[in-house]
Engineer: 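Below you'll find the structure I mean.
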Amino acid sequence: MRTPLYAFLFALLCLALCTCVTRSEQIPDAVKGQAEEWYHTDRNIVGSGCVALTGEEATDRVEADQAARAEVAKQLEVKDIQAVEDMQSEEQKDGKRTRAYSMSVQTQEFVDKTLKGVRIESRTRDEEKGIQCSVAVLDKSAMAFQLRKEIERNLRERTEHLTGAESALGTENRADALREYSRAMLSTDRAAVDAKMILELGYSPPAVPSRAETGRK
């Protein structure tokens, strides 16, 4: 008599799990629509994330926050890649392989640093639907301000490396001169990508020297 009862309970549990999975797959789109409506403006980048409830509210909240932040990160990566491709399309000479490598590294650095400015605007927990959702928002103006600071830092490093290259050449230390010159180029590239990113965000970037100008120095 117990076997049919256990089988019935098992079937009921499977049905409940299937219903929960179906709902959790459907809800994120609806929540994302609400996020777009409530928070999305020309000044914000918005990401939303939902996870199935586990019974641990603190864990569910953290995972939903991480999912929302990941959605913001994806959008930043797309914008950064667009900026890199735009720069590469302008590059008509050699060095694309080095440029592509340095930009991929810069992209990860940029996303990691920028995500620190993401704030969680709202959290919702729906026991009936079996999901926990979060909405993450990044202020574009604040991000552009951060990018300008990064540009200033990279331009200072560029100047320092070019000065080091000149000093090394003065002592006929060509190895050190080449190393300093390469670092100056990398600082120039990073500043240029950040400037393109500011344009992608809809703001005016500070002037950044071109690779050719760095080469002439």
Engineer: Might you work through the side chain to side chain contact (heavy atoms under 4.5 Å, CB included) test for Thr171 and Asp176, ending with a clear yes or no?
Structural biologist: CA-CA 10 Å; Thr171 59; Asp176 283 352; over 6 Å; no

Engineer: At their closest point, which heavy atom of Asp60 faces which heavy atom of Arg125, and how far apart are they?
Structural biologist: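 The pair with the smallest heavy-atom distance is OD2-NH1, 3.1 Å.
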
Engineer: Salt bridge or not for Arg156 and Glu160, using N-O below 4.0 Å?
Structural biologist: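 No.
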
Engineer: Under 4.0 Å between a side-chain nitrogen and a carboxylate oxygen: does that hold for Lys74 and Glu77?
Structural biologist: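 So Lys74 does not pair with Glu77 through a salt bridge.
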
Engineer: Does Asp126 use its side chain to pair, donor to acceptor, with the backbone of Ile131 at less than 3.5 Å?
Structural biologist: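 Between the backbone of Ile131 and the side chain of Asp126 there is no qualifying donor-acceptor contact (under 3.5 Å).
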
Engineer: Which distance, rounded to the nearest 0.5 Å, do you find between the CD of Glu63 and the SG of Cys50?
Structural biologist: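 That separation rounds to 12.5 Å.
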
Engineer: One thing to verify: whether Arg183 and Glu180 come together as a salt bridge, which I'm taking to mean a side-chain N less than 4.0 angstrom from a carboxylate O.
Structural biologist: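 Yes.
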
Engineer: In Å and rounded to the nearest 0.5 Å, what is the NZ to CG distance from Lys79 to Leu76?
Structural biologist: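 Reported to 0.5 Å precision, the distance equals 8.5 Å.
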
Engineer: For the backbone of Thr163 and the side chain of Ser167, can you confirm whether one donor and one acceptor N or O come within less than 3.5 Å of each other?
Structural biologist: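 Not at all, since once roles are kept as given, no pair shorter than 3.5 Å links the two residues.
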
Engineer: Just by modelled atom types, is the Ser210 backbone N or O under 3.5 Å from a matching donor or acceptor in the Glu213 side chain?
Structural biologist: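 A pair under 3.5 Å: yes.
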
Engineer: Shortest non-hydrogen contact from Ala195 to Val208?
Structural biologist: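 Minimum heavy-atom separation between Ala195 and Val208: CB-CG2, 3.9 Å.
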
Engineer: Output the distance between atom CE (Met143) and atom CZ (Arg43), rounded to the nearest 0.5 Å.
Structural biologist: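 Met143 atom CE to Arg43 atom CZ measures 13.5 Å (nearest 0.5 Å).
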
Engineer: How long is the gap from CG on Asp65 to CD on Gln132, to the nearest 0.5 Å?
Structural biologist: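 Here the rounded value is 8.0 Å.
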
Engineer: Could you please spell out the steps behind the side chain to side chain contact (heavy atoms under 4.5 Å, CB included) verdict for Arg69 and Ile120?
Structural biologist: CA-CA 8 Å; Arg69 290 174 181 274; Ile120 300 299; 4.2 Å; yes

Engineer: Report yes if some heavy atom in the side chain of Asn154 is under 4.5 Å from a heavy atom in the side chain of Thr188; otherwise report no.
Structural biologist: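 Asn154 does not reach Thr188 side chain to side chain.
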
Engineer: Evaluate Val135 against Val46 for side chain to side chain contact (heavy atoms under 4.5 Å, CB included), listing each step before the verdict.
Structural biologist: CA-CA 7 Å; Val135 176; Val46 181; 3.9 Å; yes

Engineer: Where do Ile151 and Ala191 come nearest, in terms of heavy atoms and distance?
Structural biologist: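 In this case the closest contact between Ile151 and Ala191 is CG1-O, 3.7 Å.
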
Engineer: Rounded to the nearest 0.5 Å, how far apart are CD of Glu121 and CZ of Arg123?
Structural biologist: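 Answer for the CD-CZ pair, Glu121 versus Arg123, is 10.5 Å.
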
Engineer: For residues Leu155 and Pro209, determine if any side-chain heavy atom of one lies less than 4.5 Å from a side-chain heavy atom of the other.
Structural biologist: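 Yes. Closest side-chain heavy atoms under 4.5 Å.
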
Engineer: With rounding to the nearest 0.5 Å, note down the distance linking CG in Leu199 to OG in Ser204.
Structural biologist: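 Result: 7.0 Å between the selected atoms.
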
Engineer: Please lay out, stage by stage, how Glu152 and Arg148 fare under the test salt bridge (charged side-chain N to carboxylate O under 4.0 Å, His left out).
Structural biologist: CA-CA 6 Å; Glu152 292 172 0; Arg148 288 190 181 94; over 6 Å; no

Engineer: Minimum heavy-atom separation for Tyr203 and Ala144, please, with both atom names.
Structural biologist: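 The answer is CD1-CB, 3.9 Å.
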
Engineer: Determine the minimum heavy-atom distance between His161 and Ser187, stating which atoms define it.
Structural biologist: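 Closest heavy-atom pair between His161 and Ser187: CD2-OG, 3.9 Å.
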
Engineer: Using atom types as modelled and distance alone, determine if a side-chain donor or acceptor of Asp139 lies under 3.5 Å from a backbone N or O of Ser141.
Structural biologist: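 Checking the backbone N and O of Ser141 against the side chain of Asp139, a donor-acceptor pair under 3.5 Å is found.
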
Engineer: Check this for me: does any side-chain nitrogen of one of Glu172 and Arg174 sit under 4.0 Å from a carboxylate oxygen of the other?
Structural biologist: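 Answer for the salt bridge query: no.
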
Engineer: Less than 4.5 Å apart, side chain to side chain, heavy atoms only: is that true for Val137 and Val118?
Structural biologist: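 Val137 vs Val118: side chains apart.
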
